[in-house]
Amino acid sequence: MLNPAQVLFFSTLILGTLITFSSSSWFTAWLGLELNLLSFIPIISSKFNQYSAEASLKYFLIQALGTAMILSSAPSFLLFESSPNLLICLALLLKMGAAPVHFWFPSVMEGMNWPQCIILMTIQKIAPMLMLSYTHSPLTLSLIFFASAASSVIGSISGLNQTLIRKIMAYSSINHMAWMLAAIHINEMMWMTYFLVYSLVSSSIALIMHSQQIFHFNQLSSHNFKTPEIKMVTLISFLSLGGLPPFLGFIPKWLVIQELSNNKAFIWLSILLISALITLFYYLRVTLSTLTLSSPKIKNTLPSSSKTLLSSILFINFFPIFLPLSLTFFT
């Protein structure tokens, strides 16, 4: 259950994000980032998780380093009259956990509970991503292309040998960050669409993992699913997160592929597509091993609240199939 302190810190975390992307100056945006950071640290800390203190300390040190880089960009602009955009861009990539400065992200994810992982994978990326869109220049565009390519390759290859679900989700988040960097290069609306779909699908997986208390790859194929329905919805959500058609996760990738093709960015697109296939491979490894390995017959019945959650997740993932039917019906 949420206590009043957690509600307060979550409210100030959302407030910090709102301040950042609604500000008209770099100073106000930096204040929003700091409010967001100081609100997230108490949310991570938990007396029920022995690794939460280590995760919160790692997160604080990395974010403090990113803040120092943003602050140090101001003297470089004043003294040397050079553009601070490159240093700010690198600091924001560090704050969001994009490659090649991604080293802290999987270890911090491993030390948190699933609800905190949802916040780290979704809400904590909004402010740095939107601030990154303000730094557009030819030099920062080269850095964004390099970070996107590195995130796609590292996120796909590093997830192949993982057995912890939270680390698999962390490297998947790094891979999806590559697509989001490409989307925000195109326009903010494209990024917003991709981010919304990614947040819905990844949050649905994390909520199911939290409800079933699943943390390891082996637990997916054992007795931890209370009903077959939960097992099937989990596997569909994994395939949707991997971008397999006709699930919802394929739609934003399709839009990004179309826009990159129209912009003649074929090298960038090729790297993203190859890495997406590798990422889909380890999602298929999770789903196929869970489906093929036998488990005891389960006779539990789902409560009504769980049925509502599962129905919502199923509808979200099958939304691309329902959309043409609904449009045909209304027209």
Side-chain angles (χ1 to χ4, degrees), residues 9 12-23 25-44 55-74 76 84-112 116-136 140-141 143-148 150-151 154-155 169-185 188 191 194-195 198-199 202:
F9 288 125
T12 53
L13 183 140
I14 299 295
L15 178 62
T17 303
L18 292 174
I19 289 173
T20 298
F21 72 76
S22 62
S23 63
S25 66
W26 282 105
F27 180 73
T28 316
W30 170 75
L31 285 179
L33 279 178
E34 294 311 298
L35 180 61
N36 181 281
L37 164 63
L38 295 176
S39 303
F40 190 50
I41 296 296
I43 294 176
I44 301 176
S56 59
L57 182 59
K58 285 180 182 178
Y59 185 79
F60 174 75
L61 292 176
I62 292 298
Q63 298 299 312
L65 177 60
T67 300
M69 292 173 66
I70 293 176
L71 292 178
S72 63
S73 65
S76 67
N85 286 348
L86 189 62
L87 193 57
I88 292 176
C89 183
L90 190 60
L92 294 174
L93 290 174
L94 176 67
K95 277 181 168 291
M96 72 179 74
V101 282
H102 67 286
F103 48 87
W104 61 273
F105 194 78
S107 60
V108 170
M109 276 272 291
E110 191 182 1
M112 293 191 300
Q116 288 84 6
C117 289
I118 294 175
I119 298 175
L120 183 61
M121 289 188 296
T122 57
I123 299 174
Q124 295 302 93
K125 295 191 190 314
I126 298 176
M129 277 280 184
L130 287 175
M131 287 180 68
L132 196 65
S133 65
Y134 305 150
T135 64
H136 273 186
T140 56
L141 178 59
L143 182 59
I144 289 174
F145 167 72
F146 173 71
S148 176
S151 297
I154 292 173
M169 293 294 290
Y171 285 112
S172 168
S173 178
I174 293 171
N175 181 266
H176 280 280
M177 234 177 301
W179 289 85
M180 283 189 269
L181 288 172
I184 208 165
H185 163 65
E188 281 82 3
W191 170 81
Y194 195 102
F195 180 79
Y198 166 72
S199 299
S202 61

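Along the sequence shown, residues carry numbers from 1.
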(message) Strictly distance-based, threshold 3.5 Å: is any side-chain N or O of Ser148 a donor or acceptor partner for the main-chain N or O of Ile144?
(response) no
(request) Mind jotting down which residue pairs meet the salt bridge (Lys or Arg N to Asp or Glu O under 4.0 Å) criterion with at least one end in residues 55-72? Sequence neighbours excluded, please. (result) Glu54-Lys58
(message) If the condition is side-chain contact (heavy atoms from CB on, under 4.5 Å), which residues does Ile14 pass it with, not counting sequence neighbours?
(response) Phe10, Leu18, Ile123
(message) Which residues pass the side chain to side chain donor-acceptor pair (under 3.5 Å) test with Thr17, not counting sequence neighbours?
(response) Asn36
(request) Please name all residues satisfying ring-ring contact (aromatic ring centres under 6.0 Å, His included) with Phe195, sequence neighbours left out, ordered by chain then number. (result) Trp191
(request) Can you measure from CD1 (Ile88) to CG (Leu93) and round to the nearest 0.5 angstrom? (result) 12.0 Å
(message) Once side-chain contact (heavy atoms from CB on, under 4.5 Å) is applied, do any residues pair with Ser39, and if so which ones, sequence neighbours excluded?
(response) Thr12, Leu13, Leu35
(request) State whether a side-chain donor-acceptor pair under 3.5 Å links Ser173 with Tyr198. (result) yes
(request) Report the residues that fulfil side chain to side chain donor-acceptor pair (under 3.5 Å) with Tyr59, sequence neighbours left out, ordered by chain and then residue number. (result) Gln124
(message) Holding to side chain to side chain donor-acceptor pair (under 3.5 Å), I want the full list of residues that pass it with Ser23, two or more places apart in sequence or in another chain.
(response) none
(request) Output all residues satisfying side-chain contact (heavy atoms from CB on, under 4.5 Å) with Glu34, sequence neighbours left out; order by chain, then residue number. (result) Trp30, Leu37, Thr67, Lys95
(message) Can you give me the closest heavy-atom contact between Gly97 and Ile174, atom names plus distance?
(response) O-CG1, 3.9 Å
(message) Just so I know, are the side chains of His176 and Tyr194 near enough to count as touching, which here means a heavy-atom distance under 4.5 Å?
(response) yes
(request) For Thr140, check side chain to side chain donor-acceptor pair (under 3.5 Å) against everything at least two apart and list the hits. (result) Ser137
Kindly list each side-chain donor-acceptor pair under 3.5 angstrom involving residues 99-112, sequence neighbours excluded, with atom names and distances?
from	atom 1	to	atom 2	distance (Å)
Trp104	NE1	Leu94	O	3.0
Ser107	OG	Trp104	O	3.0

(request) Kindly write out the residues that satisfy side-chain contact (heavy atoms from CB on, under 4.5 Å) with Ala91, not counting sequence neighbours, or none if the list is empty. (result) Met69, Ile70
(message) Is the shortest side-chain heavy-atom distance between Gln63 and Ile41 below 4.5 Å?
(response) no
